[in-house]
Each structure stands twice: as structure tokens, then as C-alpha cells.
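Have a look at the structure below, then the notes.
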Amino acid sequence: QVQLVESGGGLVQAGGSLRHSCGTSDLTFGTYSVGWFRQTPGKARELVAAISSEDITSSEDNTYYADFVKGRFTISRDYAKKTLYLEMSSLKPEDTAVYYCAISESGLLRPKVYDYWGQGAQVTVSS
């Protein structure tokens, strides 16, 4: 069973920045694709950003960003540390949500199913 442990999140003023981390001890981290999702009460969980496994796509095509975070958020992964990151900048009150990391064994950039999830962490952006 793959376990994901999130850290980061918190309270920040509009325009500020936060870094969210998601670590795993799984030895095959590099073969997974990974994503960050967010969810607010009463709404469906939505994909924020994703990155494919290192073995599948070219470096130019291996990331995805939802339109509402393009230019503000950056997804990255450290294979040696087996950690996924979400750098969030120019934060807006509407970015307030619980953020979740997830990994897919498929390795695809936009898989239909993510197999493992982090516990989630609250990000609150005040106006």
C-alpha cells in the first residue's frame, strides 16, 4: 500500500505564496504520474495540476495545469526525495480549498483514475 503524506498549506493573504509538499516512501515513485487536486464544500474535487512519469512523455509535454492556475502554480517532483511539490503564488481568495496530492500507477499525464491519495491540507487565502 502506497502512503502519501502531505505537508504545507495554511493561511495566507491574497497575493501571497505557499508551498505544498507530498512525500512517499514507495520505491517506484518515478514510474507514477502525480497530480494535485482541490475541493471546496459542496463542490466536486477538481484537478489543479499534474505531471506524468519520467518514462512516458517528453519534457515539453509532461505537465498539465488547469486554466485557473496557469502562470501562478508550479508542479514539480524530486525523484531522489520521492516528493511532489505544488508552488502556489499570486494566491486569490477563490484558491481557498483543501488540497490533495494523488498518484496514478498508469504513469499517464491525465489518467482516468488516481490510485492513492494524500490526507489533504487546508489552504485559506484571506482578502
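Worth knowing before you read on, the calculation uses all heavy atoms, side chains too, and leaves out hydrogens, waters and symmetry mates.
By the 4.0 Å N-to-carboxylate-O rule, K92 lies too far from D95 to be salt-bridged with it.
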What verdict does the ring pair (Phe, Tyr, Trp, His ring centres under 6.0 Å) test give for W117 and F37, after you've listed the backbone C-alpha separation in whole Å, the side-chain angles of each residue and the deciding distance to 0.1 Å?
CA-CA 10 Å; W117 292 82; F37 291 76; 4.8 Å; yes
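Between the W36 side chain and the Y85 main chain, a donor and an acceptor come within less than 3.5 Å of each other. A donor-acceptor contact shorter than 3.5 Å is absent between the side chain of R38 and the backbone of A97. At least one donor-acceptor pair under 3.5 Å links the side chain of Q119 to the backbone N or O of E6. Using modelled atom types, no side-chain atom of T24 and backbone atom of L4 make a donor-acceptor pair closer than 3.5 Å. Looking only at distances, a side-chain donor or acceptor of R77 sits under 3.5 Å from a matching main-chain atom of S52. In this structure, D115 contributes its side chain and E105 its backbone to a donor-acceptor pair below 3.5 Å. Side-chain N or O atoms of Y114 include none that pairs as donor or acceptor with a backbone N or O of C101 at under 3.5 Å. With hydrogens and angles disregarded, a donor-acceptor distance shorter than 3.5 Å links the side chain of S104 to the backbone of V113.
Residues V5 and Y116 do not share a hydrophobic cluster, clusters being chains of Ile/Leu/Val/Met/Phe/Trp/Tyr side chains in contact below 4.5 Å.
Other residues, nucleotides and ligands place no more than 12 heavy atoms under 6.0 Å from the CD atom of Q3.
A cation-pi contact links R110 to Y64, judged by a cut-off of 6.0 Å to the six-membered ring centre and 45° from its axis.
For the 3.5 Å distance criterion, the side chains of Y99 and Q39 fail to qualify, holding no donor opposite an acceptor.
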